[in-house]
Amino acid sequence: MTTTTSPAPTLEVRALSKSYGARPAVDGLSFECRPGSVTGFLGPNGAGKSTTLRILTGLAEADQGTALIGGRRYRELDRPGRSIGVMLDARALHGGRTGIETLRLAARTLGMPAARAEEVLETVGLADAARKRVSGFSYGMRQRLGIGVALIGDPSVLVLDEPANGLDPEGIRWMRRLLRSFADAGGTVLLSSHQLREVEATVDRLVVVSGGRLVREGPLEELTAVAGTRVTALDAAALRRALDTHGIAFEPRADGELAVSLAPEDMGRLALRENLVLTSLGAGAGTGLEEVFFSLTGHVEPSAVEPAPVLPTA
């Protein structure tokens, strides 16, 4: 099991902006990921998560702002792979190599002992597939191998994009234990995922983005304690129009009720300004991360991303 041997750095995203043509992908985004914690990076499709991770890991340049690992940009690190382990797309692994060849090459590139490859292969549960070519791996096996490549340099930071995709229930439990152990040893973990239930069972902190901007950041317990406000109005259409006009996210519920990303007192003030007659107003039930996500972003996100490409089973 990988352990950190020195204090892990904090990840800092500061006023980050990036546009593709006239479309802003990231717009003034700022947040932190701290040592000893697993931070979930959440947002609907097109929210800017992938662009942010690419900038953080040196694969793209920001138009403005910075993304730092311990106060330094990725490209300024002496040996990046020894400081930060990255998995953005396990499907990019070379299909012609075996599992052990993939890890040995990664170890040699980072100046790690040859024995590190065998150690990591055991850690990710692929020892029995060491001589099998990656082209014959299932999607879940590729995910495990991709996490292995991220671990090979014994880093103190992990940045993982959708690591639970393709994993079976046992694999998901394994991943949870791995990330929890890594953070408990003092490591810093940034985890981007669409699988809200798995995120809720894994992370300590949340960073929620929408439209390239930060919506909310904080401890999981704090953000899920109260999921906004539940409200109904005599004129339901007028209520929706008022919320849209002020850019306030909401999610329809049963019987015309809306889950709104405002505290009850702020919802009451808005109703007064807009001359809305409210027929019910109360704090959200705090039922979990999905409720928070819908309330903050106004998007209904599936519990998993689109099905992965069909790959051979192990």
Drop me the distance from [X]'s [atom1] to [Y]'s [atom2], to the nearest 0.5 angstrom.
X: Leu160; Y: Ser192; atom1: CG; atom2: OG; value: 9.5 Å
X: Leu278; Y: Leu276; atom1: CG; atom2: CG; value: 6.5 Å
X: Tyr74; Y: Leu59; atom1: OH; atom2: CG; value: 7.5 Å
X: Leu243; Y: Glu274; atom1: CG; atom2: CD; value: 9.0 Å
X: Glu12; Y: Leu56; atom1: CD; atom2: CG; value: 11.0 Å
X: Glu217; Y: Phe41; atom1: CD; atom2: CZ; value: 10.5 Å

For the residue pair [X] and [Y], what are the closest heavy atoms and their distance?
X: Ala164; Y: Met175; value: N-SD, 3.8 Å
X: Pro24; Y: Ala22; value: CD-O, 3.4 Å
X: Gly85; Y: Pro155; value: N-CB, 3.5 Å
X: Ser210; Y: Pro44; value: OG-CG, 4.2 Å
X: Gln143; Y: Pro163; value: NE2-O, 3.2 Å
X: Gly186; Y: Ala8; value: O-CB, 3.1 Å

| task | Might you work through the salt bridge (charged side-chain N to carboxylate O under 4.0 Å, His left out) test for Arg72 and Asp78, ending with a clear yes or no? | result | CA-CA 10 Å; Arg72 302 170 69 187; Asp78 295 331; 3.6 Å; yes

Lys/Arg-Asp/Glu bridge criterion (N-O < 4.0 Å) met for [X], [Y]:
X: Asp89; Y: Arg142; result: no
X: Glu170; Y: Arg144; result: yes
X: Glu101; Y: Lys132; result: no
X: Arg116; Y: Glu119; result: yes
X: Arg104; Y: Glu118; result: yes

| request: Begin with the C-alpha distance, continue with both residues' side-chain angles, and end with the deciding distance and a verdict on side-chain contact (heavy atoms from CB on, under 4.5 Å) for Leu145 and Leu93. | output: CA-CA 9 Å; Leu145 185 60; Leu93 293 169; 3.8 Å; yes

Is the backbone N or O of [Y] less than 3.5 Å from a side-chain atom of [X], with the two atoms forming a donor-acceptor pair by type?
X: Trp174; Y: Pro169; value: no
X: Glu257; Y: Arg230; value: no
X: Arg14; Y: Gly65; value: no
X: Lys18; Y: Thr52; value: no
X: Asp63; Y: Ser19; value: yes
X: Arg133; Y: Gly96; value: yes

| request: Evaluate the side-chain contact (heavy atoms from CB on, under 4.5 Å) criterion for residues Arg79 and Leu110: first the C-alpha distance (whole Å), next the side-chain angles of each, then the deciding distance (0.1 Å), finally the verdict. | output: CA-CA 7 Å; Arg79 292 182 294 180; Leu110 297 179; over 6 Å; no

Neighbour count >12 (heavy atoms, 6.0 Å) for atom [atom1], [X]:
X: Glu76; atom1: CD; result: yes
X: Arg205; atom1: CZ; result: yes
X: Asp168; atom1: CG; result: yes
X: Arg82; atom1: CZ; result: yes

| Passes side chain to side chain donor-acceptor pair (under 3.5 Å), Asn165 versus His194? Steps please. | CA-CA 9 Å; Asn165 282 359; His194 286 76; over 6 Å; no

| Is there a path of hydrophobic side-chain contacts, each under 4.5 Å between heavy atoms of I, L, V, M, F, W or Y residues, that connects Leu68 with Val189? |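 No, separate clusters.
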
Side chain to side chain, [X] and [Y], heavy atoms closer than 4.5 Å:
X: Val207; Y: Val209; result: yes
X: Arg216; Y: Leu206; result: no
X: Val134; Y: Thr98; result: no
X: Val159; Y: Ile84; result: yes
X: Val149; Y: Leu103; result: yes
X: Leu88; Y: Val86; result: yes
X: Val157; Y: Pro9; result: yes
X: Met112; Y: Asp154; result: yes

| salt bridge (Lys or Arg N to Asp or Glu O under 4.0 Å): which pairs involve residues 35-48, sequence neighbours left out? |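 Listed once each, the pairs would be none.
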
| Can Leu42 and Leu196 be said to form a side-chain contact (heavy atoms from CB on, under 4.5 Å), step by step? | CA-CA 8 Å; Leu42 306 182; Leu196 301 180; 4.1 Å; yes

| task | Please lay out, stage by stage, how Met87 and Glu162 fare under the test side-chain contact (heavy atoms from CB on, under 4.5 Å). | result | CA-CA 9 Å; Met87 186 189 77; Glu162 303 290 354; over 6 Å; no

| query | Going through the distances and angles, do Glu198 and Arg173 end up as a salt bridge (charged side-chain N to carboxylate O under 4.0 Å, His left out)? | reply | CA-CA 9 Å; Glu198 299 311 323; Arg173 287 195 296 271; over 6 Å; no

| Please walk me through it: do Arg54 and Glu61 pass salt bridge (charged side-chain N to carboxylate O under 4.0 Å, His left out)? | CA-CA 8 Å; Arg54 287 177 58 81; Glu61 288 285 347; over 6 Å; no

Below 3.5 Å, can you tabulate the donor-acceptor pairs from side chains in residues 28-40 to any protein atom, sequence neighbours excluded?
residue : atom : partner : partner atom : Å
Ser30   : OG   : Ala15   : N            : 2.7
Ser37   : OG   : Arg34   : O            : 2.7

For a quick test of your reading: what N or O donor-acceptor pairs under 3.5 Å do the side chains of residues 232-242 make, sequence neighbours left out?
residue : atom : partner : partner atom : Å
Thr232  : OG1  : Thr279  : OG1          : 2.6
Thr232  : OG1  : Ser280  : N            : 3.2
Thr232  : OG1  : Ser280  : OG           : 2.5
Asp235  : OD1  : Ala237  : N            : 3.3
Asp235  : OD1  : Ala238  : N            : 3.1

